[in-house]
Amino acid sequence: MQIPYTVATRPDTGLFNAKLGVWLFLASEVMLFGALFSSYILLRVGAPTWPHGYDLLNVPLATFNTVVLITSSITMVMAWASLMMKDFKKYRIYMGSTFLLGVVFLIVKGFEYGGKFSHGIFPSESTFYAIYFTLTGLHGLHVIGGMIVNAYFWGSGSKMWKSEPERFTNRVEVAGLYWHFVDLVWIFLFPALYLL
Amino acid sequence: MQEWLGMPVEAAAHASEIDQMTAVMHWIMLILFVGWSIFFLYVLIRYRRSKSAKANYAGVKSHFSSYMEGTVVVVEAVLIIGFAIPLWAKRVNAFPPEGEATVVRVVAEQFAWNSHYPGADGMFGRTDIKLVSADNPLGIDRNDPAAKDDIATINQLNLPINKPVIIHLSSKDVIHSFGVTYLRVKQDAIPGESIPLWFTPTKTNIQIQEELTRKYSSHGQTVSVARAMNRVAMSEYSDKTGASIVGPGGFIGEDIVAKLTEAGIREVMVTVDHSTLVTMREYKDADGNIIAAKGERLTDDVVIKLNGMGVTEVLAAPDTPLEIACAQLCGLGHYRMRGFMTIQTPDEFAAWLAQEAAYLQ
Amino acid sequence: MANAATAHHHVHDDEHHHEELGFWQKYVFSIDHKVIGLWYMFTALVFLFFGFTLMMLMRWQLAYPGQPLPGWIFMGLPALIGIVVLFIGGLQRKLISLMGVIFLGLSGLIWYVVSDETMMPGGIMLPELYNSFGAMHGTIMVFLGVVPLAVGAFGNYVVPLQIGAPDMAFPKLNAASYWSYFVGGVVMLVSFFVPGGAANSGWTSYAPLSVIATQGQTLWLFGMVALITSSLLGSVNFIVTIIQLRAKGMTFMRLPFFVWTQFVTAFLLLLAFPPLEAAGVMQLMDRLVGTSFFMPSGLVVSGQILPYTGGGSPLLWQHLFWFLAHPEVYVLILPAMGIVAEVIANNTRKPLWGYKSMVYSVIFLGFMSFIVWAHHMFMTGMGTTISTFFQTTTMIISIPSIIILTALIISLYGGSIRFTTPMLFALAFLPMFGIGGLTGLPLGLAPTDIHLHDTYYVIGHFHYVVAPGTIFALFAGLYYWFPKATGRKMNDKLGRIHFWGSLVCMNLVFMPMFIQGLAGVSRRLYDGGAQYSHAQGVLYLNEVMSVGAWALGIFQLFFIFNFFWSIKKGEKVSENPWGATTLEWAATPTPPPHGNFLTIPEVHRGPYEYSVPGYKDDFVPQHVDGQLVPSQKTKV
Amino acid sequence: MEQSHPVDIKKHVRTYIAVFVALLALTIVTVAVSYWHLPITYAVIVALIIATIKGSLVASYFMHLISERKLIYLTLIITFAFFLVLMVLPVLTVSDKIVN
Ligand code: HEA
Ligand code: HEA
Ligand code: CUA
Ligand SMILES: [Cu+2]
């Protein structure tokens with residue numbers, strides 16, 4: 001027997017399963033990062049002295065990364081929009097660039113980390129760095145996760161466009177929701193760690 | 001109620017308040033529970049299948065339960081406003097001025113309680129973890145003038161009676177908890193923090209011991225040979241040839257156990273372990289010479305002597321009635337992280353301080 | 001149970017080979033919620049048993065401190081069970097036989113632990129071992145035993161059936177959730193073999209102790225991360241299933257109460273667990289890469305100055321832990337309440353009294369449980385303002401529990417009560433939870449908590465809610481839904497022995513804890529308090545409790561035997577043996593086919609339409625159509 | 001969103017561009033402000049406000065929250081409530097310590 005509302009939306013809720021699912025998942029993600037932010041606040045309030053992010057970290061690089069993520073967000077939403085407009089070619093382009101922007105983000109992060117490590121700065125350096133590495137590291141993992149999904153929908157996953165276009169569009173929308181969330185987390189990470 | 005609950009000795013000014021509140025709580029709990037239970041049992045019997053073949057679709061109509069719940073809400077509100085908040089505020093806000101109190105630093109570590117008295121000048125000397133060593137567990141910097149007269153003890157906290165005590169509690173390694181049952185005091189000792197707590201002792205150790213005095217059997221107990229290991233025999237045991245294996249007062253080690261089993265002896269009379277007790281009155285033998293003075297430890301041979309002259313019950317109390325229990329899991333030795341507290345009269349306390357100060361020179 | 005979950009459930013003894021073929025595909029890699037539910041159940045039951053065994057070992061040390069422990073008895077018990085179960089299973093029943101083997105494995109593990117000279121020289125348990133057993137007992141019982149059984153097993157098996165869904169919303173995710181749980185469990189078991197043994201800093205793993213603890217703690221943290229992942233996947237799945245896959249006409253106010261409890265529980269898991277995951281990651285970093293989130297500067301451990309200089313906060317861990325762990329305790333109790341409600345409604349043959357108010361109470365309970373956690377931390381040096389806040393919320397949260405319990409008791413009034421085995425357990429749940437819950441109140445008020453905190457009173461409090469509370473409810477559920485999964489009934493006589501034995505022994509174990517607690521005996525004491533003068537008067541109780549615990553163990557044998565024996569030989573039952581109204585019984589064959597329903601039912605009335613005046617039977621299934629008698633309108 | 005037609009999708013696209021530009025602008029602003037080295041409290045307030053605006057832009061347009069179903073709103077409101085609890089209560093608790 002088929003599981004209902006995998007593609008169509010349920011009349012009374014107006015949602016298809018995966019969409020509700022991903023929102024719930026994001027809710028739990030909010031609490032996950034929330035706990036880390038809470039720890040950041042608690043430790044910073046408790047600490048006798050706390051460095052300013054901009055004194056220790058590379059703000060321009062991070063600003064650039066912010067722009068990269070924002071851009072990847074819009075390419076992502078454009079990818080979905082192209083599918084809505086039944087334009088598969090555009091979709092491939094946009095989805096592809098979303099992925100590539102992810103790569104750029106990681107490369108930049110790589111340089112940032114590398115810079116620290118080469119100066120012998122590791123998470124154990126100070127609680128500031130501990131928080132910095134944990135938060136950005138966890139965020140990085142989320143980026144990687146998102147990129148894997150996007151790569152799949154760009155590549156072999158996109159076969160579904162032929163068979164079930166609507167379902168495929170839904171999937172891309174859901175993947176998009178996750179990707180935007182990753183962007184959203186960064187929007188708060190960035191000032192919290194680099195600018196304050 | 002407090003008797004039923006078996007609340008332990010109260011040796012601090014605020015203890016009775018806490019116990020009264022505990023008693024009130026348990027009264028309420030009891031009333032609720034009994035009420036519910038009666039109704040519960042009634043319906044179980046009244047509406048069992050054999051008695052009521054057909055169930056009633058509608059069930060209870062009255063709103064009694066809502067009133068009951070309403071009452072519970074009110075009662076809980078009263079408990080919070082009337083008892084909980086004021087009592088807690090008194091514990092954590094109403095500290096007496098340090099001038100009028102005995103002030104001590106207590107620093108917990110795995111697995112001991114270090115106490116630090118400010119000494120005559122009433123000022124705590126500088127401490128530094130770099131100075132910590134086996135013979136200076138607190139890391140007191142003796143070059144600091146304020147530290148010169150500071151007194152430090154391990155697992156021993158002497159305090160004067162009827163005068164507020166303020167303890168600044170902290171820890172060197174992990175989280176411990178400073179719990180003294182008879183004083184109704186408990187406070188976690190958290191590394192990196194110094195948390196104050198206060199109380200006013202109202203009974204000396206002696207007085208507490210008097211309250212704790214109970215009859216203990218000096219009769220010994222018969223146990224299987226296997227269980228008699230490392231205990232002290234209370235009568236003569238000899239092998240087939242009649243040669244003595246162990247006599248009264250004899251320690252039963254591995255070899256003795258072997259011999260006994262070999263001799264076919266199944267059970268042995270041994271002393272009950274009273275080593276943590278002291279007698280609470282004097283015991284003389286027939287011709288008047290003292291066997292056990294008041295306050296003497298009930299060691300095995302004392303027990304045997306007493307038993308030998310037919311004293312089968314001894315009035316005794318714990319040797320160290322007031323103990324600091326560590327009430328937070330802190331590692332392997334958590335269970336034996338036990339400090340001792342001595343509440344004494346002001347004079348005794350002064351004397352003790354003087355004596356400790358003398359050691360410093 | 002083997003064939004139970006398959007589409008063709010009546011396998012005749014002559015088609016075993018037939019069954020053998022399908023075993024792996026059908027069970028191990030199945031994504032059918034019923035099969036996954038059963039896997040959850042078996043795994044969780046084994047862990048429950050293991051957690052209990054650890055405690056039976058500890059109880060020896062508590063009763064006879066420092067005396068050599070007769071290890072062979074404790075490893076003999078599971079060995080015996082294993083052999084009996086193998087015997088029952090024979091070669092025909094893959095699953096039963098497998099369970100037999102697992103029990104033998106367990107006894108092997110126990111043998112390994114008790115015969116380890118470094119941990120038990122001369123059969124005498126060392127403090128290390130006692131602490132690690134204590135921590136693992138807590139962890140296993142909570143995270144590997146009760147939650148997987150209450151949510152993973154019952155939730156998985158029953159919820160889709162009760163709401164009229166063909167399966168869970170995301171079957172693959174469902175399987176992933178189970179296997180993630182499985183991995184977590186294996187990691188926890190493996191930790192018994194690493195140097196220093198399993199985690200030994202209590203199930204609460206308070207820093208700094210846990211950060212400087214032995215290897216086992218690292219594995220504990222990895223295990224927890226796996227378990228948390230499992231719960232998160234599960235909870236997303238449950239919520240979506242309940243919201244999206246309800247059959248036509250199954251409005252929220254027509255959901256069986258059990259579904260409601262699972263719904264709220266899922267939200268608790270979804271939102272309370274992530275912070276602990278974060279905390280776990282941070283503790284791992286403290287342990288592995290030398291950060292100091294939870295480590296204040298200037299720690300001196302046995303004379304050595306530790307290299308932690310970040311100025312971390314030990315209380316941060318406690319906040320993140322209890323932010324999960326308090327909601328977690330309601331995760332332990334809500335499904336239990338749900339099961340009890342189902343069983344009571346069914347066996348009183350009348351609708352639940354105040355269904356609506358119960359539903360609202362559960363929702364309210366869910367909300368409140370997020371803002372009471374610091375009542376576990378009154379002794380960490382809390383000021384008046386904040387402690388007032390947490391005391392108040394703690395008192396408030398007791399109200400919905402009272403409402404629910406009261407509603408359940410009142411539901412008995414006017415019923416026609418059948419004392420079936422599941423009903424016995426469900427009824428016993430009420431007063432037992434009552435005792436546990438009421439003793440929570442003095443703990444919830446800071447001044448009284450001063451005396452009771454970290455004493456056996458706390459242990460008594462929560463064991464009354466989880467052991468004769470939750471565990472009894474789970475037993476009720478097992479006896480109640482067993483026929484659904486197997487088409488057979490568990491033996492009633494054995495069931496009753498199991499019930500009365502367990503009831504008596506549970507109280508024998510846990511009632512004395514209050515006495516010890518009030519006398520001031522601390523928990524987590526390797527020698528049960530033997531050294532403390534204030535404990536002397538109540539020390540004799542340690543032996544009483546231990547004997548009680550072992551007797552309790554003996555009575556579980558009746559259950560285990562009954563359970564496996566009935567899978568094979570239990571008396572066959574009709575489609576709806578209990579005469580129930582809810583869909584899982586009324587609207588589908590027993591056991592249900594793959595896809596659950598022959599045709600997805602449509603729901604027309606509330607969940608507990610028992611003894612409707614003027615209707616032919618004393619129960620009206622939810623999917624029965626139309627007005628029954630003009631006079632009577634269906635209750636929603 | 002599934003039912004919406006290519007036509008109004010085109011409208012959407014325009015909004016997306018606008019949002020994108022706004023996000024870039026705000027990013028520049030927040031960075032610029034950080035170079036003034038305001039006193040920490042003000043810095044936090046400003047940074048938080050800007051971040052919140054950016055966040056809600058992303059959420060409401062890229063993630064279509066403005067046109068989302070109320071079930072989703074409900075879930076997120078609950079989550080947000082607990083998020084606030086998590087942000088505020090622990091730090092409040094550790095700041096309300098016993099002192100004499
Ligand atoms: C299922 C688990 C569960 C449940 C439901 C509860 C319920 C409650 N708990 Fe408990 N609690 C734990 C599990 C649970 N707890 C655990 C595991 C710990 C210890 C953790 C550790 O330190 O290791 C703990 C510890 C704990 C503490 C910390 C103690 C300390 O460490 O000092 C506190 C303090 O406030 C507390 C309070 C409460 C309260 C007020 C309730 C309330 O919700 C209770 C409300 C219920 C009632 C008031 C009962 C009403 C019903 C009736 C009266 C019906 C009677 C019916 C008949 C007689 C037929 N609990
Ligand atoms: C859900 C939680 C749960 C449950 C059910 C139990 C159940 C029991 N617990 Fe435990 N316990 C804890 C959670 C739990 N406990 C926690 C969190 C702690 C604190 C740990 C710490 O200090 O960190 C603790 C601590 C704790 C202590 C204190 C140790 C100490 O402080 O030093 C004691 C002491 O007696 C104890 C005893 C028991 C006993 C006798 C049971 C009995 O009720 C057990 C009953 C079990 C069963 C009845 C099993 C039934 C299952 C089967 C028979 C399997 C059948 C299998 C098949 C059919 C395949 N527990
Ligand atoms: Cu120190 Cu327990
Ligand atoms: Cu709690």
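No experiment lies behind these values; they were computed from the predicted model shown. Each chain gets a letter, A, B and so on, in the order its sequence line appears, and its residues count up from 1.
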Task: Contacting moiety of B/Ile324, where chain C heavy atoms sit under 4.5 Å - done: backbone

Task: Part of B/Ile190 lying under 4.5 Å from any heavy atom of chain C - done: side chain

Open item on the list: Can you give me the closest heavy-atom contact between B/Ser65 and C/Trp353, atom names plus distance?
Closed with: OG-CH2, 3.3 Å

Open item on the list: For B/Ser62, which atoms come within 4.5 Å of any heavy atom of chain C: side chain, backbone, both, or neither?
Closed with: backbone

Open item on the list: Please identify, among B/Asp19, B/Ile80, B/Thr22, B/Leu169, the residue contributing the most non-hydrogen atom pairs under 4.5 Å to chain C.
Closed with: B/Ile80

- [ ] Classify the side-chain pair C/Thr380/B/Asp188 by whether it contains a donor and acceptor separated by less than 3.5 Å.
- [x] no

Open item on the list: What part of B/Glu109 gets within 4.5 angstrom of chain C, counting heavy atoms only: side chain, backbone, both, or neither?
Closed with: neither

TODO: Would you mind checking which part of B/Ala84 comes under 4.5 Å of any heavy atom in chain C, side chain (CB onward), backbone (N, CA, C, O), both or neither?
DONE: both

Open item on the list: At a heavy-atom distance under 4.5 Å, which candidate from B/Met25, B/Arg91, B/Met29 has the highest pair count against chain C?
Closed with: B/Met29

Task: Expected output: side-chain B/Glu323 to main-chain C/Ser533 donor-acceptor under 3.5 Å - done: yes

Open item on the list: Does any part of the side chain of B/Asp173, heavy atoms only, come nearer than 4.5 Å to the side chain of C/Pro208, both counted from C-beta?
Closed with: no

Task: C/Ser210 versus chain B, the contacting section by heavy-atom distance below 4.5 Å - done: neither

Task: C/Ile417 side, atom CD1; B/Arg49 side, atom CZ - distance, nearest 0.5 Å - done: 10.5 Å

Task: chain B contact via C/Gln304 - which portion, at a heavy-atom distance below 4.5 Å - done: neither

- [ ] Please state whether the side chain, the backbone, both or neither of B/Val132 comes within less than 4.5 Å of a heavy atom of chain C.
- [x] side chain

Task: Side chain / backbone / both / neither for B/Val92 at chain C, heavy atoms under 4.5 Å - done: side chain

Task: C/Ile450 backbone acceptor or donor facing B/Lys186 side chain under 3.5 Å - done: yes

Open item on the list: Between B/Thr320 and chain C, with a heavy-atom cut-off of 4.5 Å, which part of the residue counts as in contact: side chain, backbone, both or neither?
Closed with: backbone

Task: Neighbour count >12 (heavy atoms, 6.0 Å) for atom NZ, B/Lys130 - done: no

TODO: Return yes if a side-chain donor-acceptor contact under 3.5 Å exists between C/Tyr206 and B/Gln328, otherwise no.
DONE: no

Open item on the list: Please classify the contact between C/Tyr64 and chain B as side chain, backbone, both or neither, with a heavy-atom cut-off of under 4.5 Å.
Closed with: side chain

Open item on the list: If I measure from the heavy atoms of chain B, does C/Tyr526 come under 4.5 Å with its side chain, its backbone, both, or neither?
Closed with: both

Task: Options B/Leu329, B/Leu197, B/Val174, B/Leu87, ranked by heavy-atom pairs under 4.5 Å with chain C, top entry - done: B/Leu329

Task: side-chain hydrogen bond (donor to acceptor under 3.5 Å, both in side chains) contacts touching residues 25-42 of chain B (sequence neighbours left out) - done: B/His26-C/Tyr457

Open item on the list: So for C/Thr348, is it side chain, backbone, both, or neither that comes closer than 4.5 Å to the heavy atoms of chain B?
Closed with: backbone

Open item on the list: Show the nearest heavy-atom pair for residues C/Gly298 and B/Ile129, with the distance to one decimal.
Closed with: CA-CD1, 3.6 Å

- [ ] Please determine, among B/Pro191, B/Gly6, B/Ala89, the option with the most heavy-atom pairs under 4.5 Å with chain C.
- [x] B/Pro191

Task: B/Met68 versus chain C, the contacting section by heavy-atom distance below 4.5 Å - done: side chain

TODO: Heavy atoms only: give me the nearest B/His334-C/Arg524 pair and the separation to one decimal.
DONE: CD2-O, 3.1 Å

Task: Contacting moiety of C/Leu209, where chain B heavy atoms sit under 4.5 Å - done: both

Task: Residue, of B/Phe83, B/Tyr182, B/Phe33, that accumulates the most heavy atom pairs under 4.5 Å with chain C - done: B/Phe33

TODO: Would you kindly say whether C/Ser302 and B/Gln110 are connected by a side-chain donor-acceptor distance under 3.5 Å?
DONE: no

Task: Contact class of B/Arg46 relative to chain C, heavy atoms under 4.5 angstrom - done: neither

TODO: Check C/Gly381 against B/Ile195 and note the closest heavy-atom contact, atom names and distance.
DONE: CA-CG2, 4.2 Å

Open item on the list: Is B/Val185 in contact with chain C via its backbone, its side chain, both, or neither, using a 4.5 Å heavy-atom distance?
Closed with: backbone

Open item on the list: Less than 6.0 angstrom separating the ring centers of B/Tyr47 and C/Tyr413, yes or no?
Closed with: yes

Task: Atom group of B/Leu44 that falls short of 4.5 Å from chain C, counting heavy atoms - done: both

- [ ] Select one option (side chain, backbone, both, neither) describing which atoms of C/Leu427 are under 4.5 Å from chain B's heavy atoms.
- [x] both

- [ ] Using non-hydrogen atoms and a 4.5 Å limit, figure out which bit of C/Pro431 sits close to chain B: side chain, backbone, both or neither.
- [x] both

Open item on the list: Give me the atom names and distance for the closest heavy-atom approach of B/Lys54 to C/Ser416.
Closed with: C-CB, 4.1 Å

Open item on the list: Taking side chain as everything from C-beta outward and backbone as N, CA, C, O, which of these in C/Asn131 sits under 4.5 Å from a heavy atom of chain B? Side chain, backbone, both or neither.
Closed with: side chain

Task: Any side-chain heavy-atom pair of C/Met395 and B/Val73 under 4.5 Å - done: no

Open item on the list: At a 4.5 Å cut-off on heavy atoms, which part of C/Ala407 comes close to chain B: side chain, backbone, both, or neither?
Closed with: neither

Open item on the list: Does any part of the side chain of B/Glu193, heavy atoms only, come nearer than 4.5 Å to the side chain of C/Leu315, both counted from C-beta?
Closed with: yes

- [ ] Check whether C/Gln536 gets within reach of chain B through its side chain, its backbone, both or neither, counting any heavy atom under 4.5 Å.
- [x] neither

Task: C/Ser611: partners by side-chain hydrogen bond (donor to acceptor under 3.5 Å, both in side chains), with sequence neighbours left out - done: none

Task: Residue B/Arg48 versus chain C: region with a heavy atom under 4.5 Å - done: both

Open item on the list: Under a 4.5 Å cutoff for heavy-atom pairs, which residue among B/Arg184, B/Lys51, B/Gln187 has the most contacts with chain C?
Closed with: B/Gln187

Open item on the list: For the interface with chain B, which of C/Thr388, C/Leu126, C/Thr385, C/Asn347 has the highest count of heavy-atom pairs at distances below 4.5 Å?
Closed with: C/Thr388

Open item on the list: Could you measure the distance from the CD1 atom of C/Ile515 to the CG atom of B/Leu5? Nearest 0.5 Å is fine.
Closed with: 10.0 Å

TODO: Side chain from CB out, backbone as N, CA, C, O: work out which of these in C/Ile212 comes under 4.5 Å of a heavy atom of chain B, or both, or neither.
DONE: side chain

Open item on the list: Looking at every non-hydrogen atom in both residues, tell me the closest pair between C/Leu430 and B/Phe40 and how far apart they are.
Closed with: CD1-CE1, 3.6 Å

- [ ] Can you establish whether the number of heavy atoms outside C/Phe419 located under 6.0 Å from its atom CZ is more than 12?
- [x] yes

- [ ] Using the side chain to side chain contact (heavy atoms under 4.5 Å, CB included) rule, take C/Lys350 and B/Tyr57 through it: C-alpha gap first, then chi angles, then the decisive distance, then the call.
- [x] CA-CA 6 Å; C/Lys350 64 188 282 297; B/Tyr57 179 81; over 6 Å; no

TODO: Report yes if the side chains of C/His534 and B/Leu212 come closer than 4.5 Å at any heavy-atom pair, otherwise no.
DONE: no

- [ ] Give, as side chain, backbone, both or neither, the part of B/Pro321 having an atom under 4.5 angstrom from any heavy atom of chain C.
- [x] backbone

Task: chain B contact via C/Ser297 - side chain, backbone, both or neither, heavy atoms under 4.5 Å - done: neither

Task: Test item: side-chain donor near acceptor, B/Trp88 and C/Ser387, under 3.5 Å - done: yes

- [ ] Measure C/Ser522 against the heavy atoms of chain B and call it side chain, backbone, both or neither at under 4.5 Å.
- [x] side chain

